[in-house]
Number of protein chains: 2
Amino acid sequence: MSDIARETSTSVSTVSRVLAGGAVSKRISKETREKVHEAAKRLGYRPNLLARSLRTRRSNTVALLVSDIANPWFGQLASTIEKNLHDKGYSLFLCNSAEDLKRESEYLHLLPQKGIDALILVPLLKSKKVLQQHLPPTLPVVVVDRPVQGVNSSVSSDQDMLANQLADSLAKIGVKKIAMANGPAHVSSHRRRAEILTQRFEVLAAFEGPSKRETGQAAMKEFVAKGIKPDAFVGTNLFLTIGMLDELNIPAIGQQMLPAFGCFDQLPFHDLLPMPVACAIQDIAGLADAVVRELMPLLQPNAPEPVPMVVPTLMSYNRAYLAKTGG
Amino acid sequence: MSDIARETSTSVSTVSRVLAGGAVSKRISKETREKVHEAAKRLGYRPNLLARSLRTRRSNTVALLVSDIANPWFGQLASTIEKNLHDKGYSLFLCNSAEDLKRESEYLHLLPQKGIDALILVPLLKSKKVLQQHLPPTLPVVVVDRPVQGVNSSVSSDQDMLANQLADSLAKIGVKKIAMANGPAHVSSHRRRAEILTQRFEVLAAFEGPSKRETGQAAMKEFVAKGIKPDAFVGTNLFLTIGMLDELNIPAIGQQMLPAFGCFDQLPFHDLLPMPVACAIQDIAGLADAVVRELMPLLQPNAPEPVPMVVPTLMSYNRAYLAKTGG
DNA sequence: TTGTATGCGTTATCAG
DNA sequence: CTGATAACGCATACAA
């Protein structure tokens, strides 16, 4: 800036005002304004955003800390949030806690020091305490996907709607009795999903374990061993469902007799499966939009009290399902 | 810092030296050192990393600009790179160009101004010119996955090895005739893959288009319409292969007669598929390691001339394939 | 061993 | 309309 001030025989302040644009630059004579712009271009001037942020205490940068960026679901979420934020003039600083609580608190500690304007968090932590411990109380925070007790600025899917839509869809093709592979009951979303399904159907068998592929496999093994014949198998999570499918030897059973499947999250390639499959999926674009709508007011001077947002869910069916319902 | 200087009756520089740690702090008396640390903790001092970077011209932050973070392949790559960099004491600023050339140049322009120490890039651009146009010549850059003419600091997979491994694997299960869905021929990796497969097999049909799911669908539609019966379908890209699978109505065809599939990149959940599937995959961990090994020297004062790194590839098979080869 | 003074690149305040 | 000057928070050369 001092270079271009010298070149144009003006002062650094004038240069700053011109380059600031907007109302401030209008108060500078057209002549010098053009001189400055010309010199800036000629010298290849690039503002130092660190210095600017240091001075203005604004960086136009929002951090997003996700629990696992290798998970395509979060990849899509991050991608959409970034797009939305970019439209509002913010850059996204994307970080990954990799399902590691230690990494999460490290980032929670580090990010505010890097001069971010706000934080969007897919939390691993379960208590508000950790947040308060690491984050300055003034930093706007939006919690996504997994509500945290006591944090009002949160965006998540309507878990009850999700489970009920799935139940509706299964009921529609005549399902009455199910067998379930459940994730850990201490995780609220798994518990709630299981509760609702239990209300809506007769549960012939339920198998609980960590939400991994192996649990689904073990569940299916047990169901087969016990000779359980439900109208549908349901997993409270994508990995559990896939595990069950792993153990289901489709050619051996014979395709006509296959029970249906109910799944949370989008099952890849479900059109390749011969039995009816209904997937209850969380609306990623809807969540991303809601995040930005929740966040923007918090960035304004007189921030209103935030209120949790709940996003409607969607269903997805495979061809075999649609063939059965006739459309 | 001035607060804690006042509390401890010392000066800001003393506080700075103590908090800097390492050799500098050793030259301060143990007494005052402890006083300072105590006060820092008591006052909840957090260094302002913007100010520090402004002064030292180092941010310990590396930017990674990927072409599509919603693509799980890049998600995994980003995740692994972040882990490696974190171990070396660097934070990762992850950005997404979302397959959009305009977004890419915006970021290319913006990132250096944010005070990053280096840039890792999965480029959309094909010419070195754009890089030179936006990036300061002093900024260390590593190009990943897609080599750019004239850029030596690059890390990529061995494309010839990749295609030949896939061909070997298909030949092993008796494949002689294939039908292909090809990505754009002007993209070097797609072209090279197609060339090698054409050398190794009889190509009954080939369909070219942008590397999107829709192209694979269109390809399969055409193959079916023309009554083409290959021993295997091959897509030169994950999305092309998935698109072909979308259109393949397995129940209608009958599982015994299904052709095999050859795929580049890891097809998710390929164990759900009844036909043999061979995937030629790029070693993500290997690439991520190479990126860091390529980058670290560039961050040192007397950077040696970088040399392009080529990483070996891997194969992955589904159960149906392994059953056919006997393990 | 420690304090003083200066500067990193910007913006903001206050004169004029 | 414009120019000095201070300040953002920190690190460091130079003194003491």
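Scope of the values below: all heavy atoms of this structure, side chains included, with no hydrogens, waters or symmetry mates. Keep in mind the model is a prediction, meaning the values are calculated, not measured. Each chain gets a letter, A, B and so on, in the order the sequences are listed, and its residues count up from 1.
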When you look at B/E99 and B/K212, which way does the salt bridge (charged side-chain N to carboxylate O under 4.0 Å, His left out) test go after all the steps?
CA-CA 11 Å; B/E99 301 288 357; B/K212 297 188 305 177; over 6 Å; no
A/S11/A/T14 under side chain to side chain donor-acceptor pair (under 3.5 Å): CA gap, chis, key distance, verdict:
CA-CA 5 Å; A/S11 75; A/T14 302; 3.3 Å; yes
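Atom pair B/R27:CZ and D/dT12:C1' shows a separation of 14 Å (rounding to whole Å applied). Rounded to whole Å, atom P of D/dT12 lies 13 Å from atom CG of B/L19. In this structure, B/R58 atom CZ and D/dA11 atom P are separated by 13 Å, rounded to whole Å. Atom CZ in A/R17 sits roughly 10 Å away from atom P in C/dA12 (whole-Å rounding). In this structure, the CG atom of A/N48 is 13 Å from the C1' atom of D/dC8, given to the nearest Å. Put simply, NZ on B/K35 is 13 Å from C1' on C/dG3, counting in whole angstrom units. For the pair B/K30 NZ and C/dT2 C1', the interatomic distance rounds to 18 Å; values are reported in whole Å. Atom pair A/D3:CG and C/dG9:C1' shows a separation of 12 Å (rounding to whole Å applied).
On a pure distance criterion of 3.5 Å, no polar donor-acceptor pair joins the side chain of B/R57 and the base of C/dG9. Judged by atom type and distance alone, A/R55 does not reach the base of C/dA12 through any side-chain donor-acceptor pair under 3.5 Å. Residue-to-nucleotide contacts include a donor-acceptor pair under 3.5 Å from the side chain of B/S13 to the base of C/dT4.
Considering every non-hydrogen atom in both A/L43 and A/E7, the closest pair reads CD1-CG, 3.9 Å.
If you check every strand for non-hydrogen atoms under 4.0 Å, A/R46 touches sugar and phosphate atoms only. Using a 4.0 Å heavy-atom distance criterion, B/S29 is classed as a sugar-phosphate-only contact. When heavy atoms are screened at a 4.0 angstrom cut-off, B/T32 is found touching the sugar-phosphate backbone but no base atom. Nucleic acid contact for B/T56: sugar-phosphate only, since backbone atoms but no base atoms lie under 4.0 Å from a heavy atom of the residue. If you check every strand for non-hydrogen atoms under 4.0 Å, B/R52 touches sugar and phosphate atoms only. Using a 4.0 Å heavy-atom criterion, one finds that B/M1 contacts the sugar-phosphate atoms exclusively. Residue contacts shown for A/S53 are absent, as no nucleic acid heavy atom lies under 4.0 Å away.
Contact annotation: A/S16 reaches the phosphate of C/dT11 (side-chain N/O to OP1 or OP2, under 4.0 Å). Under 4.0 angstrom from either OP1 or OP2 of D/dG3 there lies at least one side-chain N or O belonging to A/T14.
Proximity of B/Q159 to B/S157: side-chain heavy atoms (C-beta onward) are separated by under 4.5 Å at one or more points. Side-chain atoms of B/S91 and B/F93, non-hydrogen and from C-beta on, never get closer than 4.5 Å to each other. Here the side chains of B/L135 and B/H109 are not in contact, with every heavy-atom distance at 4.5 Å or above.
The listed nucleotides are D/dC10, C/dT1, C/dT10; the one nearest the side chain of A/A51 is C/dT10.
In this structure, B/L50 and B/V24 both approach DNA chain D, and ranking their closest nucleotides by distance from the 5' end singles out B/L50.
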